[in-house]
Amino acid sequence: MALTLRVVAPLVASRMAKTYPISSGEALGSEPLLPYLSPQLNGNRLLVGANFASAGIGILNDTGIQFINIIRMFRQFEYFQEYQGRLANLVGTTEAQRIVSEALVLITVGGNDFVNNYFLVPFSARSRQFSLPDYVRYLISEYRKLLMRLYELGARKVLVTGTGPLGCVPAELAMRSLNGQCAAELQRAAGLFNPQLVQMINGLNSDLGANVFIAANTQQQTNDFISNPRAFGFTTSKIACCGQGPYNGLGLCTTVSNLCPNRDLYAFWDPFHPSEKANGIIVNMILRGSTKYMSPMNLSTLLALDTIPRT
């Protein structure tokens, strides 16, 4: 996935939905974002923001080599820079810089570097090059470069999500589990990556002298409803609502897939992705979660800072 930019108003925190929103945009009362390459993204629609994300990409350029026409991170950043030029043509350079600096930027990347790179095939090129702990350290160092590039491009409110529990998604249960237990090595990867991501972000904020980057511990939140799905209103956190094979974890969600009668009872929609209800729980955590889930603060606290008069 990766990069989105959403323009938010200073008082938006007071308008947050009390129920579980589907997305952060819905929670913030914002219009849906258009893909950057959409022909409809022009004129005043540029003032809403843009979605630069692409499925299957990773921190590393060699992640997702099995996919065709994915938009890698370096290209997403080029589009982000290009977007700012288009915005400047619309409202002027100074105003464009202000809009970008006050906008919320979401970056979600990292999981594919494990699933679609290191663990893609046995004895993959990256697994032969790095032990898992060394690979995680390499990813974190490369991720830091991406975040610094965002800062150089003017982003000043950046929400960074970690990976989910990689070994517990229905796809991995179907391919790697004999008894329904989460895949140990993928869980180990997530357990190494996420704490180091938070540590890196805290260090980066310290170096910059400001809380530019906020880390969301999506692994912990997802672990909560995987370990105790009924506490969150789910009947299962192992079987996908839509899919095929064991745990509905094989293939894509298509017209030939098994489809559950009530998606709200499933923690996972398809072999890899949380359901709409589960995503709402994660968004609520991002908005209001404690420091168990958010570092150094949650999103509502960050946005509330904009309402404090500066002297």
Side-chain angles (χ1 to χ4, degrees), residues 1 4 6 12-13 15-33 51 53 55 104 106 108 110-112 115 159-174 177 180 182 186-187 190 194 214-255 257-290 292-294 298-300 303:
M1 192 180 167
T4 62
R6 184 178 299 279
V12 77
R15 301 201 301 270
M16 291 177 189
K18 292 183 179 179
T19 55
Y20 290 148
I22 297 171
S23 68
S24 58
E26 179 183 312
L28 299 175
S30 173
E31 297 179 48
L33 293 181
N51 184 350
L104 176 65
L106 169 65
T108 301
N112 284 325
V115 175
L159 177 63
V160 185
T161 65
T163 72
L166 299 173
C168 298
V169 300
E172 299 304 333
L173 296 182
S177 178
C182 299
L186 281 161
Q187 285 298 91
N194 288 304
I214 293 181
N217 189 343
T218 47
Q219 180 190 16
Q220 181 60 54
Q221 177 66 84
T222 313
N223 273 339
D224 287 351
F225 54 73
I226 284 176
S227 61
N228 189 7
R230 293 189 180 277
F232 295 86
F234 301 118
T235 58
T236 179
S237 59
K238 294 182 182 295
I239 303 170
C241 174
C242 186
Q244 304 161 55
Y247 308 101
N248 274 349
L250 301 178
L252 302 174
C253 180
T254 68
T255 54
S257 297
N258 301 314
L259 183 64
C260 70
N262 185 351
R263 66 189 67 191
D264 285 344
L265 298 180
Y266 288 69
F268 285 93
W269 160 247
D270 66 13
F272 290 100
H273 301 102
S275 64
E276 185 175 286
K277 180 178 177 180
N279 275 325
I281 294 170
I282 293 169
V283 168
N284 194 61
M285 175 270 292
I286 289 171
L287 291 170
R288 305 178 179 87
S290 69
K292 175 182 178 183
Y293 303 104
M294 302 297 298
N298 60 38
L299 183 55
S300 61
L303 296 177

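Throughout, residue positions are numbered sequentially from 1 according to the sequence presented.
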Problem set entry | Side-chain (S300) to main-chain (L287) donor-acceptor, under 3.5 angstrom | yes
If you take all heavy atoms of [X] and [Y], which pair is closest and at what distance?
{"X": "I214", "Y": "M294", "value": "CG2-CE, 3.6 Å"}
{"X": "Q221", "Y": "I282", "value": "CG-CG1, 4.0 Å"}
{"X": "A190", "Y": "G164", "value": "CB-O, 3.6 Å"}
{"X": "G249", "Y": "P271", "value": "O-CB, 3.4 Å"}
{"X": "C253", "Y": "D270", "value": "CB-CB, 4.4 Å"}

To the nearest 0.5 angstrom, please state how far the [atom1] atom of [X] sits from the [atom2] atom of [Y].
{"X": "T108", "Y": "L106", "atom1": "OG1", "atom2": "CG", "value": "4.0 Å"}
{"X": "E172", "Y": "Y247", "atom1": "CD", "atom2": "OH", "value": "12.5 Å"}
{"X": "Q244", "Y": "L252", "atom1": "CD", "atom2": "CG", "value": "8.0 Å"}
{"X": "Y266", "Y": "S237", "atom1": "OH", "atom2": "OG", "value": "12.0 Å"}
{"X": "S227", "Y": "F232", "atom1": "OG", "atom2": "CZ", "value": "7.5 Å"}

For this session: Could you tell me which residues satisfy side chain to side chain donor-acceptor pair (under 3.5 Å) with N194, sequence neighbours excluded, listed by chain and number?
Result: T163, Q219
Seminar exercise, completed: Residues at least two apart in sequence or cross-chain that pass side chain to side chain donor-acceptor pair (under 3.5 Å) with N258, listed by chain then number, are N248
Taking C-beta and beyond as the side chain, do [X] and [Y] meet within less than 4.5 Å on heavy atoms?
{"X": "R263", "Y": "S275", "value": "no"}
{"X": "Q187", "Y": "N223", "value": "yes"}
{"X": "P274", "Y": "W269", "value": "no"}
{"X": "V115", "Y": "F272", "value": "yes"}
{"X": "F234", "Y": "F225", "value": "yes"}
{"X": "L265", "Y": "T236", "value": "no"}
{"X": "C241", "Y": "L259", "value": "yes"}

Seminar exercise, completed: From the list N112, L186, T222, side chain to side chain contact (heavy atoms under 4.5 Å, CB included) partner of L166 resolves to L186
Exercise. Out of I226, L173, V169, which one pairs with K238 under the side chain to side chain contact (heavy atoms under 4.5 Å, CB included) rule?
Worked result: L173
Problem set entry | Partner of Y293 by side chain to side chain donor-acceptor pair (under 3.5 Å), out of N298, D224, N217 | D224
Problem set entry | T161 versus T218, side-chain donor and acceptor atoms under 3.5 Å | no
